[in-house]
Amino acid sequence: MIGNVVARRYAQALFALGKQKGLEELERYGADLSAVAQAVTESPELLRVFKNPLFGVEDKKSVLVKLLDKAKVSPVASNFMKLLADKERLGLLPEIEAHYADLLDAEKGVIRGELLTAVNLDAAKQKEVKASLEKQAGKELILEFATDPEILGGVVLKVGDRVLDASIRAQLEMLKENIKRGE
C-alpha cells in the first residue's frame, strides 16, 4: 500500500513537469516510462536487481543508464529515472508507469476497459460494440476484448473500477438466489 502511494506521487510529479510543456511532452514521457517499465517487467531478474538492497545505487544506475540509452529516453525522463535510482525507488517503476498512464488517459479524455464474451467477436462486431459504448460514454474508449466460455453467454464489461455483468452465468446465479429465498 505504501509503495502504491509513493508510486502515485512520483507519477504525479513527472506528469506535472510534462503538463507545463504540453500534451506532446506528456505523451513522450509516458512513452519513455512505458518503454523502460516494459523492459523491467519483461525481465524479472532486472526487477529483482532494482528492488534488492544488496546492490548499491551506483550499480543500479549503471544498469539503468544502459537501459535508458537502449530505449532512447528523453533527457527529462532519463533524469527522472536516475532520481528514482538515487532514492532507491527503481523497483516501483512499473507502478509509476501505470499511474502515469492513468493520469495521461484522464488528461486526454480516454477510458480503458475490457469486454468479456463467451465467444470470439469478429473485427466488425468489435468495432460496432466499441462505437456504441463510446457514444454512450461520450469519450474515446480503448477496449480490450477477451473470451471466457464459463460466462455461458452475454457480456461482462469492466471499465475502471466498475463492472457490468450481463452474463448468463450471473443471471443464473441471481435466479438461484431468488429461488433459495423463496421469491
Side-chain angles (χ1 to χ4, degrees), residues 1-116 123 126-127 130 133-134 137 139-148 157-163:
M1 182 67 180
I2 291 173
N4 204 2
V5 171
V6 172
R8 185 176 299 118
R9 286 186 180 154
Y10 277 103
Q12 289 170 338
L14 182 62
F15 190 81
L17 281 174
K19 195 164 183 173
Q20 294 172 354
K21 296 182 179 182
L23 185 60
E24 190 175 309
E25 283 298 304
L26 283 172
E27 290 175 338
R28 170 67 196 243
Y29 297 165
D32 291 344
L33 265 178
S34 181
V36 176
Q38 182 178 0
V40 169
T41 304
E42 289 174 354
S43 174
E45 299 84 22
L46 185 58
L47 187 58
R48 280 195 292 273
V49 167
F50 285 163
K51 287 184 174 184
N52 193 333
L54 294 177
F55 292 99
V57 171
E58 292 306 315
D59 295 332
K60 292 176 185 180
K61 259 185 163 175
S62 67
V63 171
L64 178 67
V65 167
K66 291 175 185 171
L67 191 59
L68 295 174
D69 289 342
K70 187 175 180 184
K72 297 183 174 98
V73 174
S74 69
V76 173
S78 177
N79 287 339
F80 174 77
M81 289 184 234
K82 288 175 186 173
L83 173 72
L84 292 177
D86 289 336
K87 301 291 184 180
E88 297 281 342
R89 302 290 193 202
L90 280 174
L92 296 174
L93 201 53
E95 291 90 352
I96 293 170
E97 188 273 331
H99 287 298
Y100 189 92
D102 290 343
L103 291 169
L104 187 58
D105 285 347
E107 180 72 19
K108 293 173 16 181
V110 173
I111 305 171
R112 292 185 186 269
E114 178 185 18
L115 186 74
L116 191 62
Q126 286 181 359
K127 190 174 179 180
K130 182 178 180 263
L133 291 171
E134 283 180 334
K139 293 184 177 185
E140 180 185 348
L141 180 64
I142 297 174
L143 197 59
E144 291 182 24
F145 291 88
T147 58
D148 180 4
L157 177 63
K158 299 174 187 175
V159 177
D161 59 351
R162 290 183 272 172
V163 177

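Just so it is clear, the structure is predicted and the values come from calculations on it, not from any experiment.
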Tell me, with the steps shown, if His99 and Asn4 meet side chain to side chain contact (heavy atoms under 4.5 Å, CB included). CA-CA 9 Å; His99 287 298; Asn4 204 2; 2.6 Å; yes
Would you check, one step at a time, whether the test side chain to side chain contact (heavy atoms under 4.5 Å, CB included) holds for Ile96 with Leu84? CA-CA 10 Å; Ile96 293 170; Leu84 292 177; 3.7 Å; yes
What's the shortest heavy-atom distance between Lys51 and Gly91, and which atoms? CE-O, 3.4 Å
Where do Val65 and Asp69 land on the side chain to side chain contact (heavy atoms under 4.5 Å, CB included) test, with the steps shown first? CA-CA 6 Å; Val65 167; Asp69 289 342; 3.8 Å; yes
Hey, could you give me the CG/NZ distance between Leu115 and Lys158, rounded to the nearest 0.5 Å? 10.5 Å
Does a side-chain heavy-atom distance below 4.5 Å link Asp105 with Ile111? no
Using every non-hydrogen atom in the two residues, find where Ala85 and Leu90 come nearest and quote the distance to one decimal. CB-CD1, 3.5 Å
Lys82 and Leu68 have their tightest heavy-atom pair at CE-CD1, 4.2 Å
State the CG-CD distance between Leu47 and Glu42, to the nearest 0.5 angstrom. 12.5 Å
Give the minimum heavy-atom separation between Ala39 and Leu46, together with the two atoms involved. O-CD2, 4.3 Å
Does a side-chain heavy-atom distance below 4.5 Å link Ile142 with Val110? yes
Result of checking Glu25, Met81, Lys21 against Val76 for side chain to side chain contact (heavy atoms under 4.5 Å, CB included): Lys21
Would you list the pairs meeting ring pair (Phe, Tyr, Trp, His ring centres under 6.0 Å) in which at least one residue belongs to residues 7-59, sequence neighbours left out? Phe15-Tyr100
State, with a plain yes or no, whether a side-chain heavy atom of Arg112 is found less than 4.5 Å away from one of Val159. no
Should Leu133 and Leu157 count as side-chain neighbours, where that means a heavy-atom distance under 4.5 Å? yes
Among residues at least two apart in sequence or on other chains, which ones pass salt bridge (Lys or Arg N to Asp or Glu O under 4.0 Å) with Asp86? Lys61
Is the number of heavy atoms from other residues, nucleotides or ligands under 6.0 Å of Glu144 CD greater than 12? no
So, do Leu93 and Val36 sit near enough that their side-chain heavy atoms are less than 4.5 Å apart? yes
Exercise: identify the closest heavy-atom pair between Lys139 and Gly109: CB-O, 3.5 Å
Measuring only between side-chain heavy atoms, which start at C-beta, is Glu107 closer than 4.5 Å to Lys19? yes
When you measure from the side chain of Ser34 to the backbone of Gly30, do you find a donor-acceptor pair of N or O atoms at a distance under 3.5 Å? no
Going by heavy atoms in the side chains, are Glu95 and Arg8 under 4.5 Å from each other? no
Rounding to 0.5 Å, atoms CD (Gln20) and CG (Leu26) come to a distance of 10.0 Å
If you compare all heavy atoms of Arg28 against all heavy atoms of Ser74, which two are closest, and at what distance to 0.1 Å? NH2-N, 3.1 Å
Return the CD to CG distance between Glu114 and Leu143, rounded to the nearest 0.5 Å. 8.5 Å
Got a donor-acceptor contact below 3.5 angstrom from the Glu134 side chain to the Leu141 backbone? yes
Tell me whether Ser43 contacts the main-chain N or O of Val40 through its side chain, where contact means a donor paired with an acceptor under 3.5 Å. no
Report the residue from Glu24, Glu27, Glu140 that forms a salt bridge (charged side-chain N to carboxylate O under 4.0 Å, His left out) with Lys108. Glu27
Please tell me if the side chains of Leu33 and Phe80 come closer than 4.5 Å, counting only heavy atoms from C-beta onward. yes
